[in-house]
Amino acid sequence: MSAEYRPLIEKAVLDEAAFIRATFTGLVPTAEEPWKKVTLRTVEIRGVPHVQFSYFDERRCIAKNYRGPELYEALMRLLEWPVRNVSLDTTAESIQVTVAVNGKVAIRRQPAKAVEAVRAHDRKKSLLLPDGEPNAYLQAIGFMTKDGQIRADKQRKFKQTNEFLKFLDQTGELEKLDERPIHVVDFGCGNAYLTFAVYHFLNSVKQIPTRVTGIDTREDLLANHRQTAADLGWQDFSFLAQRIEEYVPDSPPTIAIALHACDTATDDALAMAIRHGSKIILSVPCCHHHLQAQLSAAAPPAEMAAAMQHGILLERMGDILTDAFRAQILRMHGYETDVIQFVSAEHTAKNVLIRAVLRSGSPSPRVAEEYAAMKAFWGVTPYLEKLISAAAVV
Ligand SMILES: C[S@@+](CC[C@H](N)C(=O)[O-])C[C@H]1O[C@@H](n2cnc3c(N)ncnc32)[C@H](O)[C@@H]1O
């Protein structure tokens with residue numbers, strides 16, 4: 001990277017209080033560093049701020065979290081690579097660096113948008129709403145006491161809800177959605193803490209006109225949610241008592257979310273989202289039984305037999321494979337897909353987030369080849385494939 005703008009980028013990323021995010025594109029892959037794109041964003045790990053580097057090639061995304069000297073070293077390595085574009089946001093400004101084919105560098109600096117400054121300010125506490133300030137909607141859904149404290153028995157859900165919204169926001173895609181209103185569908189919404197939160201977050205915090213549909217089979221729960229929504233005066237907010245797989249959207253879900261939808265209900269949600277071309281999909285799966293049954297029924301690949309003789313390891317392998325197949329199927333349908341830790345295991349053991357953003361252009365044929373190879377090795381057929389084949393999406 002040219003010495004001309006390197007100090008500017010370096011200073012901005014290392015300013016912990018102000019740095020928000022950066023994207024490096026047009027990197028030239030090498031044998032040691034096969035990455036085409038690297039994104040940086042701030043994350044908190046057990047309350048300590050880090051910068052997360054996500055390294056992308058055509059097929060993979062590897063995320064690493066750094067702080068202190070490790071952050072400095074990782075940044076120095078990154079700044080050594082030839083790059084075509086850098087886009088960086090701090091609380092104070094947006095920086096765009098473009099390197100032309102002839103090596104000519106253009107640097108554009110603009111004051112940060114007010115919303116970014118507010119977001120950065122809130123980032124350290126909570127993206128949704130900080131604990132300790134009375135809020136009508138959090139009180140209405142039973143999260144908060146009258147004096148504005150999150151109830152002790154709701155702390156875990158509050159944390160999960162906030163994290164989910166952070167991961168949604170950090171796609172960087174929300175501002176690019178051009179339809180109005182956007183349509184968010186929460187598949188298997190259950191007690192609907194997330195459903196209410198996403199409505200509030202998009203409409204009130206992000207100021208993106210949004211209609212939200214929650215789907216669940218539990219009509220008893222949904223009747224209460226409808227009443228709460230009516231009490232809050234929230235419009236364009238509906239709850240449908242039906243099975244996910246039977247849902248016929250009145251407008252395609254722009255964003256599909258599913259938090260802990262049981263077993264194959266996650267696949268039903270993913271299939272629905274793929275079928276309707278949802279732009280963003282966030283799913284934290286729950287239990288995984290479908291593939292485990294296939295793994296238990298058949299002899300494992302000889303190379304894995306020693307591991308698979310242990311029930312607990314077979315079960316975990318089933319979890320891993322199910323989510324790996326899901327992610328790969330999403331990639332095969334044009335989604336740039338991450339599989340990342342949602343919250344730390346002390347909050348919930350079901351803590352894998354599949355996050356997918358629809359991209360234009362066809363996926364590399366390698367993606368389907370990898371999928372086929374993984375299936376052949378394990379001798380299984382994922383439920384999501386069956387759903388998609390049945391709907392003739394593949
Ligand atoms: C573990 S709860 C999670 C609820 C909520 N998303 C949350 O995280 O608090 C799973 C929910 O999915 C619903 N569910 C499971 N299978 C479903 C299906 N096929 N169609 C609709 N809802 C389903 C259940 O009724 C339940 O409310």
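Order of appearance sets the numbers: ligands from 1, and atoms from 1 within every ligand. Quick note: residue numbers are just sequence positions, from 1.
Side-chain contact between M317 and P300: absent, with no pair of heavy atoms (C-beta onward) separated by less than 4.5 Å.
For ligand 1, the atoms lying closer than 4.0 Å to a non-hydrogen atom of C262 are 10 (C), 15 (C). The contact set between ligand 1 and R243, taken as ligand atoms under 4.0 Å from a residue heavy atom, comprises 19 (N), 20 (N), 21 (C). Numbered from 1 in the order shown, with element, the atoms of ligand 1 that lie under 4.0 Å from a heavy atom of G190 read 4 (C), 27 (O).
Ring centers of Y137 and F143: at least 6.0 Å apart, outside the cut-off. For F196 and W234, the ring centers are positioned less than 6.0 Å apart.
Closest to atom 5 (C) of ligand 1, if we only count protein heavy atoms, is C189 O, 3.2 Å. When only non-hydrogen protein atoms are considered, atom 4 (C) of ligand 1 lies nearest to G188 O, 3.4 Å. Atom 20 (N) of ligand 1 has I244 N, 2.9 Å as its closest protein atom, hydrogens excluded (heavy atom only).
Distances from atom 10 (C) of ligand 1 to the heavy atoms of E246, Q242, H260 put H260 nearest. Ranked by closest heavy atom to atom 25 (O) of ligand 1, the top entry among L222, D186, D216 is D216. When the heavy atoms of D263, T217, V284, L221 are ranked by distance to atom 22 (N) of ligand 1, first place goes to T217.
Remark: ligand 1 and I215 share no N or O pair separated by less than 3.5 Å (distance only, no angle test). Any N or O atom pair closer than 3.5 Å counts here, and K157 shares at least one such pair with ligand 1. When only interatomic distances are considered, the shortest N/O to N/O separation between R218 and ligand 1 does not fall below 3.5 Å. Every N/O-N/O distance between A265 and ligand 1 stays at or above 3.5 Å. Checked against a 3.5 angstrom limit, the closest N/O atoms of D268 and ligand 1 fall outside it.
Under the 4.5 Å side-chain heavy-atom criterion for grouping Ile, Leu, Val, Met, Phe, Trp and Tyr, V184 is connected to I208 within one hydrophobic cluster. Cluster annotation: I354 is not connected to F56 through the hydrophobic network of ILVMFWY side chains, with a link wherever side-chain heavy atoms come within less than 4.5 Å. In the hydrophobic clustering of this structure, V205 groups with I255; members are Ile, Leu, Val, Met, Phe, Trp, Tyr whose side-chain heavy atoms approach within less than 4.5 Å, directly or through other members.
Salt bridge absent: E80 and R77 never bring a charged side-chain N and a carboxylate O closer than 4.0 Å.
Around atom CZ of R226, more than 12 heavy atoms belonging to other residues, nucleotides or ligands sit under 6.0 Å away. Heavy-atom neighbours of Y72 OH from other residues, nucleotides or ligands within 6.0 Å: at or below the threshold of 12.
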